[in-house]
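Because only heavy atoms are used, hydrogens play no part in the values below, and waters and symmetry mates are left out as well, while side chains stay in. Model, not experiment: these values are computed from the prediction. Count residues from 1 along the sequence.
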Amino acid sequence: MDFSFGPEDRALRQEARAWLTEHLAGEPPPTAGRAWERELGADGWIGLGWDPAAGNYGNRTAPLTGQVVWAEEYSRAGAPARLGHMGEHLLAPTLLAHGDPAQRTRFLPAIARGEEIWCQGYSEPGAGSDLAAVRTAAVRDAGGRTYRITGQKLWTSYAHRADWCFLLARTTVGSHRHHGLSLLLVPMDQPGRIEVRPIRQLTGEADFNEVFFDGAEARADHVLGGEGNGWRVAMDLLGRERGVATLAQQIGFAAELARVVRLARETGAAAEPAVRDRIVRQWADLRTMRWTALRTLGGTGVPGAPSVAKLLWSSWHQRLGELAMDVRGADAALGPHDWSEERPYELDALQRMFLFSRADTIYGGSAEVQRTVIAERVLGLPKEPRP
């Protein structure tokens with residue numbers, strides 16, 4: 001594709017840079033939370049990639065190049081991680097593609113204003129990345145529109161802070177694999193009906209959760225895309241997980257790599273030929289990922305592109321974390337502050353990156369699943385036997 005920035009993109013870059021400079025100048029800087037989401041929404045920065053032909057919900061819209069400009073400037077500014085990512089980038093485009101007018105009117109303005117936070121209910125115990133194996137069930141009340149949900153979801157990011165969950169559940173009794181599934185929109189504020197249990201991570205944080213749905217009381221009144229069409233809608237939603245955000249992610253990766261290079265110089269590790277070789281490989285691989293992302297960004301239909309991208313960046317990031325610890329040497333075992341009862345678990349940015357990156361090849365579709373997708377759908381190899 002012809003990917004170049006024009007005058008409008010350059011103007012947007014200046015505006016975005018100025019806005020971010022102004023709004024990140026406070027002390028302390030804003031954190032990933034509802035206040036920051038509302039601040040973004042108030043000036044229309046949520047939903048730049050939404051199809052303008054589908055209507056305006058109080059947000060700005062921009063072409064693909066403009067979306068890349070905003071994502072790059074946001075990352076370069078060191079702005080907070082987005083609490084509203086799943087609502088803006090996953091659910092909203094899926095609502096525009098599959099939702100009815102009432103659903104769009106109900107949910108999109110609140111997402112655009114940064115007022116409602118969403119989580120994704122896909123993974124389950126015993127299913128992992130195999131979404132066709134989900135067992136969470138939803139039964140519709142006779143003659144009504146309300147579904148009663150029974151089951152458990154796992155690794156649900158920000159479920160403890162979310163207002164709503166888009167949840168893949170089995171709505172046809174006795175259905176198998178990808179048949180009989182529906183995508184439900186579930187309010188999380190159901191005390192005694194929905195239980196959220198945070199999962200403590202290696203980093204000491206607890207952004208992932210287990211979510212339990214009580215079949216007698218846990219309810220949902222909205223099904224997205226029609227009952228029984230959940231697999232098609234869910235796959236369309238997953239296809240939106242990667243795209244413009246990949247380029248912004250790579251800017252963050254470049255900043256982490258630069259930090260590792262500085263550390264290697266400070267510790268003297270950069271003088272070792274093996275370390276220098278690893279640094280050069282990380283740099284070259286990052287450039288390759290950028291051009292690969294640009295080549296596939298316009299929806300050129302490259303078979304297996306999302307799976308290839310996931311394999312590339314997840315393994316790259318793990319290698320960077322390992323390199324960071326190696327160039328630090330024995331000091332990698334020490335935190336930035338002495339241990340105390342009040343602060344028992346302190347990590348610096350590189351230690352946190354190293355520990356969190358261990359999960360990069362698991363969440364969002366494990367490396368094994370991505371290789372299976374490439375083998376079957378790109379290389380045409382025989383399908384893996386399934387029960």
Side-chain angles (χ1 to χ4, degrees), residues 28-37 80-87 90 117-131 134-136 151-168 186 188-214 218 241 249 252 256 310 313-315 317-322 324-325 328 331-369:
T31 58
R34 293 177 180 274
W36 178 244
E37 291 296 321
R82 290 288 310 283
L83 186 60
H85 165 78
M86 291 186 181
L90 301 185
I117 305 303
W118 287 78
C119 63
Q120 175 178 275
Y122 275 18
S123 296
E124 295 185 5
S129 297
D130 184 6
L131 290 183
V134 300
R135 292 180 292 179
T136 294
Q152 177 188 356
K153 295 294 180 177
L154 188 62
W155 309 119
T156 309
S157 301
Y158 298 125
H160 59 308
R161 305 176 71 178
D163 303 295
W164 288 82
C165 176
F166 50 92
L167 177 136
L168 191 64
V186 184
M188 293 295 289
D189 186 15
Q190 300 190 49
R193 304 172 181 177
I194 298 177
E195 181 184 358
V196 178
R197 299 179 187 172
I199 300 172
R200 185 69 59 182
Q201 301 153 217
L202 280 173
T203 59
E205 298 162 340
D207 291 332
F208 299 139
N209 303 269
E210 296 178 279
V211 184
F212 298 85
F213 299 89
D214 180 345
E241 277 197 301
Q249 178 192 53
E256 291 176 339
K310 178 61 166 59
W313 74 253
S314 59
S315 59
H317 203 218
Q318 282 189 349
R319 293 196 304 272
L320 182 67
E322 293 162 359
M325 297 301 100
R328 176 172 284 179
D331 285 347
L334 301 176
H337 305 286
D338 290 338
W339 186 93
S340 69
E341 190 172 343
E342 294 76 23
R343 305 170 71 175
Y345 203 94
E346 291 287 326
L347 299 171
D348 63 27
L350 289 180
Q351 290 171 322
R352 186 174 294 106
M353 182 263 287
F354 165 71
L355 291 174
F356 190 86
S357 70
R358 310 320 298 166
D360 284 347
T361 53
I362 301 173
Y363 69 81
S366 69
E368 290 79 7
V369 167

Problem - Any donor-acceptor pair under 3.5 Å from Asp348 side chain to Leu350 backbone - result: yes
Exercise for the section: Verify, without hydrogens or angle tests, whether Thr156 (side chain) and Ala159 (backbone) share a donor-acceptor contact under 3.5 angstrom. Expected result: no
Completion exercise
Applying side chain to side chain donor-acceptor pair (under 3.5 Å) to Arg161 and not counting sequence neighbours gives none
Practice task
Working to the nearest 0.5 Å, report the span between SG of Cys119 and CG of Leu167.
Solution key: 8.5 Å
Handout entry: Cation-pi check, Lys153 onto Trp155 ring (under 6.0 Å, within 45° of axis)
Key = no
Fill in the blank from the handout: Sequence neighbours excluded, the answer for side chain to side chain donor-acceptor pair (under 3.5 Å) partners of Thr361 is Gln318
Handout entry: For Thr136, all residues meeting side chain to side chain donor-acceptor pair (under 3.5 Å), sequence neighbours excluded
Key = Glu124
Problem - Charged N-O contact under 4.0 Å between Arg34 and Asp163 - result: yes
Problem - Note, Leu154 side chain near Ile199 side chain (heavy atom, < 4.5 Å) - result: yes
Handout entry: Test item: Gln152 side-chain N/O and Arg135 main-chain N/O as donor-acceptor pair under 3.5 Å
Key = no
Exercise for the section: Name the orientation class of the two ring planes belonging to Tyr122 and Phe166 (parallel below 30°, tilted from 30 to 60°, perpendicular beyond 60°). Expected result: perpendicular
Practice task
Report the residues that fulfil side-chain contact (heavy atoms from CB on, under 4.5 Å) with Asp189, sequence neighbours left out, ordered by chain and then residue number.
Solution key: Pro191
Handout entry: Set of residues satisfying ring-ring contact (aromatic ring centres under 6.0 Å, His included) with respect to Trp36, sequence neighbours excluded
Key = Trp19
Problem - Ala35: side-chain contact (heavy atoms from CB on, under 4.5 Å) partners, not counting sequence neighbours - result: Arg38
Completion exercise
So salt bridge (Lys or Arg N to Asp or Glu O under 4.0 Å) across residues 360-369, not counting sequence neighbours, yields none
Problem - Distance-minimising heavy-atom pair for Leu202 and Arg358 - result: CD1-CG, 4.4 Å
Exercise for the section: With sequence neighbours excluded, tell me which residues meet side-chain contact (heavy atoms from CB on, under 4.5 Å) with Arg197. Expected result: Glu195, Glu210, Phe212
Handout entry: Partners meeting side-chain contact (heavy atoms from CB on, under 4.5 Å) with Arg352 (sequence neighbours left out)
Key = Thr203, Glu205, Leu347
Problem - Residues in side chain to side chain donor-acceptor pair (under 3.5 Å) contact with Arg82, at least two apart in sequence or another chain - result: Glu37, Glu88
